[in-house]
Structures are given as structure tokens and as C-alpha cells.
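When a ligand or atom number is given, it counts from 1 through the structure's own listing order.
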Amino acid sequence: MEGRGLRAGFTTDAPPPLHMSEPLRRTAFNRLFAVVYFSAILALLYRHVRNLFLHPTTSFLSFSITLSLFISDLVLAFMWASAQAFRMSPIRRKEFPQNLKRIIKDKDFVGLDVFICTADPYKEPPMNVVNTALSLMAYDYPTEEISIYVSDDGGSVLTLFAFMEAAKFARHWLPFCREHNIMERSPHVYFCSNYQHPSSPHFDKIKMMYEDMKVKVEHVIDKDEVTDEYITDHQQRQAFNKWTKSFTRMDHPTVIQIMNHDQIILDKSNDKDISGRLMPNLIYVSRGKSKTSPHHFKAGALNVLLRVSAVMTNAPIILTQDCDMYSNDPQTPLRMLCYLSDPALKSSLAFIQFPQRFHGVNKDDIYDNEYKLPFQINPMGLDGLKGPNYVGSGCVFRRRALFGDPSTPVAPEIPELSPEHVVNKPIRSQETLSLAHHVASCNYENETKWGSKTGFRYGSLVEDFYTSYRLRCEDGRAYFATLRGLHF
Ligand SMILES: O=c1ccn([C@@H]2O[C@H](COP(=O)(O)OP(=O)(O)O[C@H]3O[C@H](CO)[C@@H](O)[C@H](O)[C@H]3O)[C@@H](O)[C@H]2O)c(=O)[nH]1
Ligand SMILES: [Mn+2]
């Protein structure tokens, strides 16, 4: 336990704890079992060695069989030994978001930039991506602090259209979630769930709005184009005009579109939901691509979002999310603040990985398609050692951590990308937009440290594991996850 979590027997004047950790009860049995198993492996290997060298058999066939058994057992013993670290000191963490308001002030609710990646409108239907975004926009957190950045590597007008519709729907959905204090803030999950839905005209109305949006988006996808009947204003037409004849998925200029939740929005002050609260920013980004520059897949997309968001909002905290996941706990940002606002963890905490759950697998899951072992059980073991890996989704980073370690920070090429930079221009200003387009262009990273020293790291198909591995090798900081509850 560390930081505020140490205060096991705090007095009434001590600040209330924000988080705690406890070892899992089965740890002692795990260790005992490991000793027994290890002795058995030694005995087995000794037997093989004795058969091979001390009492060699005469026949060549039996010698080769014993030798191959010996080699197989060595391999299996190595595999077993390398998995034991997970079992030695697994821990469970718990946060107390209810104590947060007593400790931190309103100004401590810092900005949160959320990154959602999508890559193909046919394999990753835009309605699913939209649901992911809506579930994150509806977090229980000051809405003006949230900015959702969607990276569309499919460069698809269909995805952009879906987000334009979602932005309008969000004006109704966010107040609805707050008013009814609902848990499942992905509309699809909420409307399909078996929970008791309120039987009010309000519920029927919001459900109808959702269905309308879905029909519209699906119709556009069926037709594979956004026809004139769906274009309602000049701004929309201007946005869709960027898809010229030469625009292809792998070769196109950058498209950045800030969504309007209402008709025409000039600045943040009139970007409000129907109850009058400010809306979170929702920004669509399709980075520039060309056949001659490498795009580095998801890591490349995340680095573009890192730069575009630095120019627009530069929140100190970043949440990365895959488009096929959604949040089912609106308190997740408060839970992460329980760790991030603990002064004792300020320099040691680089990221918090929430447990990842895969949806849509069969109910009994007899073949473990949910991958519980790598995504839920093993990370608990790593958490008790030096901290788990980043697994690509449901992970909260300190922006700072992606720019070198605290003692030797790596400065980006332009000061606007630095985590310390204070954004003082509105996101819709011409200056901000042109800089954002510049840093999202396909040649921007040439001759820079992106992917090697800063941002998400290139060179591996599993950019998530690799990035966390490199972060640890470079600065040796400890990280951890909160693994209690299923937040995504
Ligand atoms: O060029 C690309 C390729 C993928 N993606 C997005 O990256 C995410 C993950 O890609 P996917 O093809 O779904 O990979 P999976 O194998 O399902 O992903 C697992 O493995 C990845 C690599 O380790 C992790 O990043 C993911 O979080 C983890 O769920 C998706 O949202 C994609 O839309 C991009 O944005 N650009
Ligand atoms: Mn996936």
C-alpha cells in the first residue's frame, strides 16, 4: 500500500483515504504450491538425468525417447517458472471516490482528453463507435473538462456523419443519464439491457431519438454515401466536401472536424446541452495519409491524437479506448483521480490500466474467449510487483509520462506540444485549427522522436505492451492498475 492508501488506521482529523490495496488471500497457498511443484519438477529432471547419464540405456531408440522427454520437460518447466511471478504477490485495489470531494477542490478536476481509435467503418460499425463515445461523454465529471478525440483511420465520411448525428443526440442523452442516474451510459447497452427502464414519456422520447439516429446512420451506411437529404446545413456540406474524388483511405489530407452539438456554434460558451450545461468537446480526426509515408497503425493514430489534443486542449490526463469497448461505470474518472491526486504518487505513477473485458462472447465462455487470464488475473499479479502492462484500451496516462521520465524530459519539436504548454486559444480559432492540421499531416513525424522517445512507441504489432515495456526500461518508474470492478 502506498500514499493515502497507507493510512490504514487514520484518525478523524486525517484526510480520508482515497485508495487502498490488499494482498489476495490465496497468495500463501500459491507460494506453498509453487514450492511443492518446484520440488516435483527437480525430482523429475533428476530422474531424466539419471536415466540418461548415470544409468544409460543400451538402445539408441530408448535413449532418444528419454532425451526428447527431458527436453520437453525442460521447456514446460521453464514455461511454468516464467508464469510464477504473477502468483507471488497479487493484490487487489479499491478506490473511494466518495472521499474525493472532501479532499480536492473544484479546480483540481483537471482536463481529461479521451482518445478513441477506429479504422474501418465496415468492420467496426460507426454506430458502435458512436456508442463508445457517448458512454464516455456522459461521465460523472465536469463536462467542460472532457474532450473526446476520435481517430478515424478508415478516413470515412460515414463515420463522420455518424458522429455529427451523435453530437446532436448527446445534447439530450447526457442530461437524461444524469437525471435518471443510469449506470450503462452506452445508449445501445442501456436500451438492450434487462434493467427496469423508467416508464415515462421522457424515456420513450429518448429511445425514439436514438432509434431515429440509428436508422439514419444505418441507411447512410447501406447506401455507402451521405446523400443530400441528410445534409442539413452549410457547415456539414463544407465538411463532407473534403471527400474529393482523389480522396482514398490510404491517401488523403488531414480532416479535423469539431462537432457542433447545436446549430451554429461560435465558441464554447453556447455549446450547451438541453439542460443548459456545457457539452464536452467532440473532435473527429482523420490523420493525413500518403502511400509513401509509414502510418504505424494504432500507435501512429494515437500519436496524432496526442499532438492534436496538445494543440487544442492539452489535458494532463489521457484515456485511451478502443472503439469496440464502452464504459459501464460513470465514476471511472473519479476513480482515476483517487490515484492521480495523491501527492505521494505524483512522480511514480505513469498510467493506470483498468481491467479489460471483451463483450459479446457466449455466456458460459467455456473456451475462455474473455481472456480473463491475461487481462484480469495476471495484471493483479504484476500490480503487486512493478505494475501491469498497458493493454491498449481503458488506460489512463499522465500526458507527462509520454515525454520522457521526470529527471530527463524529452522536449517535443514545437513548444505547443509540450505537456506544460498552457492552451490559451479557443479550439475553433483559425490558428489552433491550422496548427492541428499541421501536426496531423502524414510527414510531420519525419526526423522527429515520435515513436522512439516520445509518445506511443513504434516497432511492434502490440504497441500497447511494447510502449509500457519501453517506458519501464527507460525510466524504471513503477506503475499500477486499479483492478477492482469492471469499468469498461
Ligand atoms: O491502423 C490501425 C489499426 C487499428 N486501429 C485501432 O486500434 C484498435 C485495436 O485494433 P484491433 O484490430 O481491434 O486489434 P485487437 O487485436 O482487437 O486489439 C488488441 O490488441 C491491440 C494491440 O496489442 C491493442 O491495441 C488493443 O487495445 C487490444 O484490444 C481498434 O480500435 C482499431 O480501430 C487503428 O486506429 N489504426
Ligand atoms: Mn479489437
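- Relative ring orientation between W173 and F191 is described as tilted, the plane-to-plane angle lying within the 30° to 60° band.
- Side-chain contact check for Y190 and N131: no donor-acceptor pair (N or O, by modelled atom type) lies under 3.5 Å.
- In this structure, T432 contributes its side chain and P426 its backbone to a donor-acceptor pair below 3.5 Å.
- Considering backbone and side-chain N/O atoms, D153 comes within less than 3.5 Å of an N/O atom of ligand 1.
- Here the heavy atom of the protein found nearest to atom 3 (C) of ligand 1 is K298 N, 4.0 Å.
- The distance from ligand 1 to the heavy atoms of F297 drops below 4.0 Å at these ligand atoms: 1 (O), 2 (C), 36 (N).
- Within the structure, the closest approach of M325 to ligand 1 does not fall below 4.0 Å when heavy atoms are considered.
- For the residue pair E184 / Y326, no side-chain donor-acceptor distance below 3.5 Å is found, with atom types taken as modelled.
- In this structure, atom 16 (O) of ligand 1 is not in close contact with the protein, since no protein heavy atom lies within 4.0 Å of it.
- Side chain to side chain, S286 and D152 fail the donor-acceptor criterion of an N or O pair below 3.5 Å.
- The shortest N or O to N or O distance between H295 and ligand 1 is not under 3.5 Å.
- Near T118, with a cut-off below 4.0 Å to any heavy atom, the atoms of ligand 1 are 33 (O), 35 (O).
- Within a 4.0 Å radius of atom 31 (O) of ligand 1, the protein contributes one or more non-hydrogen atoms.
- Below 4.0 Å from some heavy atom of S393 lie the following atoms of ligand 1, by number and element: 27 (O).
- Both the backbone and the side chain of V462 come within 4.0 Å of ligand 1, judged by heavy-atom distances.
- For the pair S151 and ligand 1, no heavy-atom separation below 4.0 Å is found.
- Each of the atoms 22 (C), 24 (C), 25 (O) of ligand 1 lies under 4.0 Å from some heavy atom of E463.
- Within a 4.0 Å radius of atom 1 (O) of ligand 1, the protein contributes one or more non-hydrogen atoms.
- Ring-plane geometry between F397 and F351 is classed as tilted, the angle between the planes lying from 30 to 60 degrees on a 0 to 90 degree scale.
- Between F109 and Y141, the angle of the ring planes goes over 60°, which puts this pair in the perpendicular group of the 30/60° scheme.
- Protein heavy atom in closest approach to atom 29 (O) of ligand 1: D322 OD2, 3.1 Å.
- Polar contact check, A301 against ligand 1: no nitrogen or oxygen pair lies under 3.5 Å apart.
- Under a cut-off of 6.0 angstrom, the local environment of NZ in K453 is sparse, with at most 12 non-hydrogen atoms contributed by other residues, nucleotides or ligands.
- Residues H19 and D342 have side chains that bring a donor and an acceptor to within less than 3.5 angstrom of each other.
- From Y390, atom OH reaches atom OG1 of T320 across 3.0 Å, with rounding to the nearest 0.5 Å.
- In this structure, atom 24 (C) of ligand 1 has protein heavy atoms in its sub-4.0 angstrom surroundings.
- By the definition of a contact as any protein heavy atom under 4.0 Å away, atom 10 (O) of ligand 1 is not in contact.
- Considering E416, E445, H438 as possible partners of R307, the one that fulfils the side-chain hydrogen bond (donor to acceptor under 3.5 Å, both in side chains) test is E445.
- In this structure, atom 7 (O) of ligand 1 has a protein heavy-atom contact shorter than 4.0 Å.
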Check against ring-ring contact (aromatic ring centres under 6.0 Å, His included), H172 and F176: CA-CA 6 Å; H172 301 263; F176 178 82; over 10 Å; no

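- Taking a cut-off of under 4.0 Å to the non-hydrogen atoms of C323, the atoms of ligand 1 that pass are 31 (O).
- Residue G392 approaches ligand 1 through these ligand atoms, each under 4.0 Å from one of its heavy atoms: 25 (O), 27 (O).
- Side-chain N/O atoms of T27 and N30 include no donor and acceptor closer than 3.5 Å.
- Looking at E124, K123, K289, R287, it is E124 that brings a heavy atom closest to atom 33 (O) of ligand 1.
- Within the model, atoms CG of N314 and CG of L306 stand 9.0 Å from one another, a figure rounded to the nearest 0.5 Å.
- Of all the heavy atoms of V391, the ones lying under 4.0 Å from any atom of ligand 1 belong exclusively to the backbone.
- Looking from atom 21 (C) of ligand 1 to the surrounding protein, the closest heavy atom is D464 OD2, 3.9 Å.
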